[in-house]
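Quick notes on the structure that follows.
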There are 2 protein chains.
Amino acid sequence: MYPPSPLERAIRALDEHIARKGLRRTEERYEILRAIYSELTHFNAETLHRHLIGKGLRVSRATVYNTLDLLTECGLVKRYSFGSGYTLYERSLGRRQHDHLLCVECGHIQEFCDPQLGSIVESVGALFQMRPIRHELVIHAECTQPECPHRRESATFAEK
Amino acid sequence: MYPPSPLERAIRALDEHIARKGLRRTEERYEILRAIYSELTHFNAETLHRHLIGKGLRVSRATVYNTLDLLTECGLVKRYSFGSGYTLYERSLGRRQHDHLLCVECGHIQEFCDPQLGSIVESVGALFQMRPIRHELVIHAECTQPECPHRRESATFAEK
DNA sequence: GTTCCTGCAAAGAGTTTGCATTGTG
DNA sequence: CACAATGCAAACTCTTTGCAGGAAC
């Protein structure tokens, strides 16, 4: 057999979290999890809400925020902010540690992994007698390609 | 003679920026610059506004935001966000490149410099054909000292 | 049946905008 | 004296909260 997909593992993890905490298995929670694990990356609460409504599901903004909190809490979703003042989320299961490279021209988000970063983080923590929990490196950069493939995708982007 | 202080250099840079752009030399702009360069670090717009009012200056919120935009634009102030959804600022002249270590327990912000980080940023940029403009590494960590000196300073802090 | 969770609408925080007034150049 | 910048208040965006109805256990 194939190993379980990230979505399948996420559903099981949510089952478990819900059971452990004595919460309710509501349809909304599983629908939101499904959308996050199979349809969206780097989304915000608003995007997610619109996406769900667009699929014909009736979920309120409040539930979206509540569920994002729940999923963040049990580690199935990661929260970022990228300096523009509002929050982005992404799924966390089945993904290795990565950071983000942002294009200041078109807003494109490129993920990258750098193995050296972990040791920098550890040594900084040690220096100040702190235990690192998580870190985020965001690089803002401009495109050096004259014909950036992403620029056409989102023509209306402007960085604050 | 002594070399000019960061505040003095900042005032001259603002003079120059204002002259170049044909803007007006208003008292508010210089007062705000002075506060930022001699009285505050890691402040937000709200803090800065209250600080100015506290000094007896009559400045509106709108002016604070406008001026922060102006100063950010001409490179005298840096803008961060640290993931809690709201924006922090700090002066940028007379400071070397540094990043931030945040205590998740008390919210204390520790600055640090790591010389290796720059080369990571450069190599990531090169990999994706991007030219890095700036970067921010934020490390969230917990204190390993039983009696953290900062914990007492801000007893009411709780990370979101 | 109890308690949790939802939807709705209203409140809240931080930031931005519109407009009349002030003051710099 | 023109036009930029200010103050004020209202608008706006994203997020949170209070409460009544509905669903899971």
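From a predicted model like this one, the values you see are computed outputs, not experimental measurements. Each chain gets a letter, A, B and so on, in the order its sequence line appears, and its residues count up from 1.
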Problem - Whole-Å gap separating P (dT6(D)) and CG (Leu68(B)) - result: 12 Å
Problem - Residue-phosphate contact under 4.0 Å: Thr63(A) side-chain N/O, dG7(C) OP1/OP2 - result: yes
Practice task
Go through dT24(C), dA24(D), dC8(C) for me and flag the one nearest to the Arg24(B) side chain.
Solution key: dT24(C)
Completion exercise
Out of dC8(D), dT15(C), dC4(C), minimum distance to the side chain of Tyr65(B) belongs to dT15(C)
Problem - Out of dG7(C), dC25(D), dT17(D), whichever nucleotide has its closest atom nearest the side chain of Asn66(A) - result: dT17(D)
Practice task
Name the closest nucleotide to the Thr67(B) side chain, picking from dT16(C), dT6(D), dT15(D).
Solution key: dT6(D)
Handout entry: Asp15(A) and Tyr30(A): side chain donor to acceptor below 3.5 Å
Key = yes
Exercise for the section: Could you identify which residues of residues 28-58 of chain A place a heavy atom less than 4.0 Å from some atom of DNA chain C, listed by residue number, or say none? Expected result: Glu28(A), Arg29(A), Arg58(A)
Handout entry: Nearest listed nucleotide, side chain of Thr26(B), among dG7(C), dT6(D), dT16(C)
Key = dT6(D)
Exercise for the section: Could you tell me the separation between the CD1 atom of Ile18(A) and the C1' atom of dC4(C), rounded to a whole number of Å? Expected result: 11 Å
Completion exercise
note: Leu70(A), atom CG; dT16(D), atom C1'; distance rounded to Å ~ 16 Å
Practice task
Ignoring hydrogens and angles, state whether a donor on the side chain of Glu136(A) or His100(A) is under 3.5 Å from an acceptor on the partner side chain.
Solution key: no
Completion exercise
Whole-Å distance, Arg61(B) CZ to dA13(C) P, equals 11 Å
Problem - Donor on one side chain, acceptor on other, Asn44(B) and Thr47(B), under 3.5 Å - result: yes
Exercise for the section: Consider only side-chain N and O atoms of Thr72(B) and Asp69(B), and report whether a donor and an acceptor are under 3.5 Å apart. Expected result: no
Exercise for the section: Take atom CD of Glu27(B) and atom P of dG25(C), then tell me their distance rounded to the nearest Å. Expected result: 12 Å
Handout entry: Residue Arg58(A) excluded, over 12 heavy atoms near CZ under 6.0 Å
Key = no
Handout entry: Under 4.0 angstrom between Thr87(A) side-chain N/O and dT15(D) OP1 or OP2
Key = yes
Handout entry: Arg50(A) with Glu46(A): basic N within carboxylate O range, under 4.0 Å
Key = yes
Practice task
Group every Ile, Leu, Val, Met, Phe, Trp and Tyr by side-chain heavy-atom contacts under 4.5 Å, then state whether Leu102(B) and Leu137(B) land in the same group.
Solution key: no
Exercise for the section: Whole angstrom is fine here: how far is it from CG in Leu23(B) over to P in dG25(C)? Expected result: 10 Å
